[in-house]
There are 2 protein chains.
Amino acid sequence: MKKKEKKPEFEKYEYSAAAVDLVIFAIINGELNTLLIKMKYKPFQGELALPGGRIRVYESVDECAKREIKEKVGINNIYVEQLYSFGDIKRDPSIRIISISYLALIDNTDNIKLKTTEKYEEICWMPVNKVHKLAYDHNEILKYALSRLKSKLIYTNIVCNLLPKKFSLSEMQRVHEIILDRKLDKRNFRKKVFSLDLIKEAGREEGVPHRPSKLYSFKTKKLMIVEMF
Amino acid sequence: MKKKEKKPEFEKYEYSAAAVDLVIFAIINGELNTLLIKMKYKPFQGELALPGGRIRVYESVDECAKREIKEKVGINNIYVEQLYSFGDIKRDPSIRIISISYLALIDNTDNIKLKTTEKYEEICWMPVNKVHKLAYDHNEILKYALSRLKSKLIYTNIVCNLLPKKFSLSEMQRVHEIILDRKLDKRNFRKKVFSLDLIKEAGREEGVPHRPSKLYSFKTKKLMIVEMF
DNA sequence: CTAGTTAGTGTTAACTATACACATAGTATC
DNA sequence: GATACTATGTGTATAGTTAACACTAACTAG
């Protein structure tokens with residue numbers, strides 16, 4: 001095989017460029033939400049897409065992902081994990097570009113101010129269940145991110161990145177139920193969580209019109225392999 | 001942040017180029033081997049490295065991985081899976097390049113003829129345990145590949161891609177023991193394998209100086225999630 | 001003080017994983 | 001052809017884990 005053949009429009013890019021696309025999840029109002037942007041220009045104008053951008057020459061791929069997150073949601077210290085690289089030739093119809101996708105988790109959206117950039121018309125949270133057609137191959141990326149999140153929820157303590165500093169066990173169980181999309185048994189859930197020794201007591205709820213729950217916090221947020229289910 | 005700043009030597013690549021690196025495993029003489037090449041030129045001359053190459057503009061990333069495999073080992077229909085993308089700025093000291101790594105498994109090296117290319121001095125199998133310093137960040141890639149293989153061995157039927165068409169249960173158990181690096185109980189192993197209903201009988205061994213084993217083959221080589229251990 | 005709401009708590013049964021030892025079917029050798 | 005050698009092939013009992021299940025407790029609102 002030789003270098004020069006086919007696809008004249010691609011010829012100017014001797015090798016392919018690379019970009020990062022982000023799947024940023026947060027639990028909002030009892031639903032799993034993901035951050036989406038509305039495209040302002042050209043081939044997907046007006047359509048929704050995952051946020052992302054080109055990798056610059058002076059930054060590593062991980063740094064690019066973190067920079068993009070910082071630009072969009074204004075924070076730095078959240079869980080970030082590389083997912084998969086999507087490399088079909090025509091995934092972007094205008095130029096050849098490889099997308100390295102990342103998963104990020106936000107534990108609390110209260111202080112998050114979304115920032116749009118020149119390139120986007122709008123940026124917003126959207127419940128994952130309500131996402132329909134996205135631009136590019138972003139539905140595939142989102143699906144991949146969801147399946148990764150589900151499996152890590154089962155065999156790691158990743159849930160700590162989706163809960164605020166202090167939380168009740170009911171909240172924690174709710175997060176599991178939302179993401180795994182099935183009911184869990186309350187007593188078995190609590191037994192399991194306690195047996196894993198991941199959390200410590202942190203006071204109790206106040207001002208609720210029913211029995212207040214005990215609050216807990218994670219002993220550590222370091223990712224660990226634990227059999228949750 | 002602006003596009004043009006720092007690192008003059010990188011400036012000519014407005015965005016980073018991408019390449020594929022391959023971790024090709026095979027069981028040879030009761031050991032897990034990986035395919036390595038010896039570098040012919042420049043920064044890592046004479047050192048060992050994983051085989052790989054640039055992604056061309058007219059091929060997808062997956063196609064690139066398959067082409068590279070075809071070029072090196074001459075075959076097409078083997079198990080291939082993307083692993084992870086390594087994107088540190090200086091991972092290749094000469095230019096900025098992102099490596100998308102792939103895992104490939106060869107079930108039988110009997111008919112494999114290794115082909116070197118102009119770029120390499122040599123290509124050879126090497127037992128994973130005997131691999132020392134590799135060029136670039138290839139030790140890290142190899143380590144990642146090994147851990148992926150181990151975990152897939154535990155929760156999928158991936159072992160079918162490391163066994164010849166017909167095999168004995170002892171052989172199969174040996175592959176697990178080699179990769180997981182621990183002894184397994186023969187009776188429990190067999191019980192498990194039979195209960196998963198993955199294999200069917202396929203004759204018996206001949207010409208061995210001891211009780212001949214029954215041979216089996218996989219009902220399907222399609223990757224399935226099964227709790228092996 | 002009653003109703004409403006969510007929190008919190010143990011036990012049993014079914015299933016799964018683990019530990020463990022000896023007889024069998026061949027070949028090679030004397 | 002008897003014996004030694006070698007790797008194959010097989011079952012059971014115990015410990016541990018998972019899954020199913022319903023009622024009392026603590027608080028607020030009216």
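All of these numbers come straight from a predicted model, not from anything done at the bench.
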Show me the donor-acceptor pairs, under 3.5 Å and distance only, between side chains in residues 163-175 of chain B and residues at least two apart or in other chains.
unit_1	atom_1	unit_2	atom_2	d
B:Ser168	OG	B:Glu171	N	3.1
B:Ser170	OG	B:Arg190	NH2	3.4
B:Glu171	OE1	B:Ser168	N	3.1
B:Gln173	NE2	B:Glu177	OE2	3.0
B:Gln173	NE2	B:Leu184	O	2.9

Show me the donor-acceptor pairs within less than 3.5 Å that the side chains of residues 130-140 of chain A make with the rest of the protein, sequence neighbours left out.
unit_1	atom_1	unit_2	atom_2	d
A:His132	ND1	A:Lys130	O	3.4
A:Asp137	OD1	A:Arg91	NE	3.3
A:Asp137	OD1	A:Arg91	NH2	2.9
A:Asp137	OD2	A:Arg91	NE	2.8
A:His138	ND1	A:Leu50	N	3.0
A:His138	NE2	A:Asp21	OD2	3.3
A:Asn139	OD1	A:Leu134	N	2.8
A:Asn139	ND2	A:His132	O	2.7

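One can place CD of B:Glu205 at 16 Å from P of D:dT6, the figure rounded to the nearest angstrom. Following rounding to the nearest Å, A:Leu169 (CG) and C:dT6 (C1') show an atom-to-atom distance of 13 Å. Between the C1' atom of C:dT16 and the CE atom of B:Met228 lies a distance of 16 Å, rounded to the nearest Å. Residue B:Glu206 contributes atom CD, which lies 16 Å from atom P of D:dT8 at whole-angstrom precision.
Comparing B:Tyr216 and A:Phe229, the nucleotide of DNA chain D nearest to each residue sits closer to the 5' end for B:Tyr216.
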> Where along nucleotides 24-30 of chain D does protein come under 4.0 Å, by heavy atom, of base (B) or sugar-phosphate alone (S), with - for untouched nucleotides?
Replying inline: -BBBS--
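Salt bridge annotation for B:Asp181-B:Lys150: absent, with no cationic side-chain nitrogen under 4.0 angstrom from a carboxylate oxygen. Using a 4.0 Å cut-off between charged nitrogen and carboxylate oxygen, B:Glu63 and B:Arg67 do not count as a salt-bridge pair.
Remark: A:Ser99 OG to A:Asp92 CG distance equals 10.0 Å, nearest 0.5 Å.
Listed by chain and number, the residues in a side chain to side chain contact (heavy atoms under 4.5 Å, CB included) with A:Lys221 are A:Asp107, A:Cys160, A:Asn161 (sequence neighbours excluded).
DNA chain D lies under 4.0 Å from at least one heavy atom of each of the following residues of residues 186-202 of chain A: A:Arg187, A:Asn188, A:Lys191, A:Lys192. Scanning residues 174-185 of chain B for heavy-atom distances under 4.0 Å to DNA chain C yields B:Asp185.
The environment of A:Lys143 atom NZ is sparse: at most 12 non-hydrogen atoms of other residues, nucleotides or ligands sit within 6.0 angstrom.
Under the side chain to side chain contact (heavy atoms under 4.5 Å, CB included) test applied with A:Met224, the options A:Leu196, A:Thr156, A:Ile158, A:Leu198 reduce to a single match, A:Leu198.
For A:Gln82 (side chain) and A:Ile100 (main-chain N/O), no donor-acceptor pair under 3.5 Å exists by modelled atom type.
For D:dA7, the OP1/OP2 oxygens have no side-chain nitrogen or oxygen of B:Ser170 closer than 4.0 Å.
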